Amino acid sequence: MINGIIYGISVFVGIIAGIGVTIGVDCFKEKKQNINDKKNLSFEIKCNLSKIEKWLELINELRNYVNSDRINQFSGYFNLSSAIFSTTNKLLQDGRIYRVLSYDSIEKIQENGTYLSLAGENMLHNQITQHKQAVWNGYMNVKQLASNDIDFWDKALKKCKDNFMDILKELE
């Protein structure tokens with residue numbers, strides 16, 4: 001009978017120990033996953049920042065073409081949809097983004113996703129095409145309208161850059 005009680009207690013202690021080990025391993029995995037998520041998100045944002053720098057240079061080039069009345073010679077392409085949001089999207093879908101970023105940073109990522117998307121890319125290229133077409137059709141005021149659009153995109157890209165910089169500070 002004493003052997004049965006000792007056996008029962010040892011089984012109970014073994015189950016408790018197994019549960020403790022499982023919880024410990026899960027906590028360790030979750031902590032490691034959070035570190036990897038932050039590292040991947042930082043890498044993604046740094047890649048996007050380098051792309052934004054190139055697009056800002058291209059915006060200045062476009063501005064120079066407009067100012068010299070040669071917009072129809074501009075052949076640059078803004079591939080805004082090439083911005084990387086795979087880690088961000090995965091974290092959003094899993095709901096883990098709330099462990100990694102604050103509400104303000106999540107809002108900034110969503111704002112950036114508005115401009116750095118296929119829709120933003122199409123909007124920008126449609127504007128450039130319309131301005132080129134207006135020059136070919138001999139319309140006046142093309143320079144002013146094109147400059148307004150360029151100023152909008154310059155501000156939007158700089159805002160995206162600032163948003164990403166703020167998020168990077170939070171991640172570090």
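All values reported here derive from a predicted model rather than from experimental measurement.
- The two residues Ile167 and Ser105 have their closest heavy-atom pair at CD1-O, 3.6 Å.
- With rounding to the nearest 0.5 angstrom, the CD atom of Glu121 is 10.5 Å from the CG atom of Leu116.
- Residue Ile128 comes nearest to Phe74 through the heavy atom pair CD1-CE2, 4.2 Å, listed as atom of the first residue, atom of the second, then distance.
- When the side chains of ILVMFWY residues are joined at heavy-atom separations under 4.5 Å, either directly or via intervening members, Met123 and Ile150 end up in a single hydrophobic cluster.
- Following chains of ILVMFWY side-chain contacts shorter than 4.5 Å, one cannot reach Ile84 starting from Leu92, and the two form parts of different hydrophobic clusters.
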Intermediate values then yes/no, side chain to side chain contact (heavy atoms under 4.5 Å, CB included), Ser81 and Asn122: CA-CA 9 Å; Ser81 63; Asn122 287 336; over 6 Å; no
Lys158/Asp154 under salt bridge (Lys or Arg N to Asp or Glu O under 4.0 Å): CA gap, chis, key distance, verdict: CA-CA 6 Å; Lys158 285 179 180 174; Asp154 187 51; 3.2 Å; yes
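- Between Gln127 and Trp153 there is a side-chain heavy-atom pair separated by less than 4.5 Å.
- With sequence neighbours left out, Glu53 forms a salt bridge (charged side-chain N to carboxylate O under 4.0 Å, His left out) with Lys161.
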Verdict with supporting geometry, Asp151 and Arg63, salt bridge (Lys or Arg N to Asp or Glu O under 4.0 Å): CA-CA 9 Å; Asp151 288 343; Arg63 180 176 281 122; 2.9 Å; yes
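- Applying the salt bridge (charged side-chain N to carboxylate O under 4.0 Å, His left out) rule to pairs touching residues 31-51 yields Asp37-Arg96, sequence neighbours excluded.
- Heavy-atom minimum distance, Leu171 versus Ser42: CD1-OG, 3.5 Å.
- No path of Ile, Leu, Val, Met, Phe, Trp and Tyr side chains, each step under 4.5 Å between heavy atoms, connects Phe152 with Leu145, placing them in separate hydrophobic clusters.
- Within the 4.5 Å cutoff, the side chain of Trp55 has heavy atoms near those of the Asn79 side chain.
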Check against side chain to side chain donor-acceptor pair (under 3.5 Å), Asn148 and Gln144: CA-CA 6 Å; Asn148 290 343; Gln144 181 60 43; 3.0 Å; yes
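- Put simply, Leu91 and Ile35 are part of two different groups of oily side chains (I, L, V, M, F, W, Y) that touch within less than 4.5 Å, one to the next.
- Of the possible donor and acceptor atoms, none in the side chain of Lys108 sits under 3.5 Å from a partner among the backbone N and O of Phe164.
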From CA spacing to verdict: side chain to side chain contact (heavy atoms under 4.5 Å, CB included), Phe78, Ile59: CA-CA 9 Å; Phe78 296 87; Ile59 284 284; 3.7 Å; yes
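- Hydrophobic clustering (ILVMFWY, side-chain heavy atoms < 4.5 Å, transitive): Leu157 and Leu118 are in distinct clusters.
- Taken from CD1 in Ile106 to CD1 in Ile97, the straight-line distance is 5.0 Å, to the nearest 0.5 Å.
- In terms of heavy atoms, Ile71 sits closest to Lys132 at O-CE, 3.3 Å.
- Taking each heavy atom of Ser68 and Arg70 in turn, the nearest pair found is OG-NE, 2.9 Å.
- Distance check: Asn72 CG to Thr129 OG1 gives 12.0 Å after rounding to the nearest 0.5 Å.
- To the nearest 0.5 Å, the span separating OH on Tyr77 from CG on Leu58 amounts to 11.5 Å.
- Separation of atoms CD (Glu111) and CG (Asn163) is listed at 5.0 Å; rounding is to 0.5 Å.
- Within a 6.0 Å sphere centred on OH of Tyr98, other residues, nucleotides and ligands contribute 12 heavy atoms or fewer.
- Between the Asn48 side chain and the Ala83 main chain, no donor and acceptor come within less than 3.5 Å of each other.
- For the pair Thr87 and Leu41, the tightest heavy-atom approach, listed with the atom from each and the gap, is CG2-N, 4.0 Å.
- Atom CD1 of Ile109 sits about 12.0 Å away from atom CG of Asp104, to the nearest 0.5 Å.
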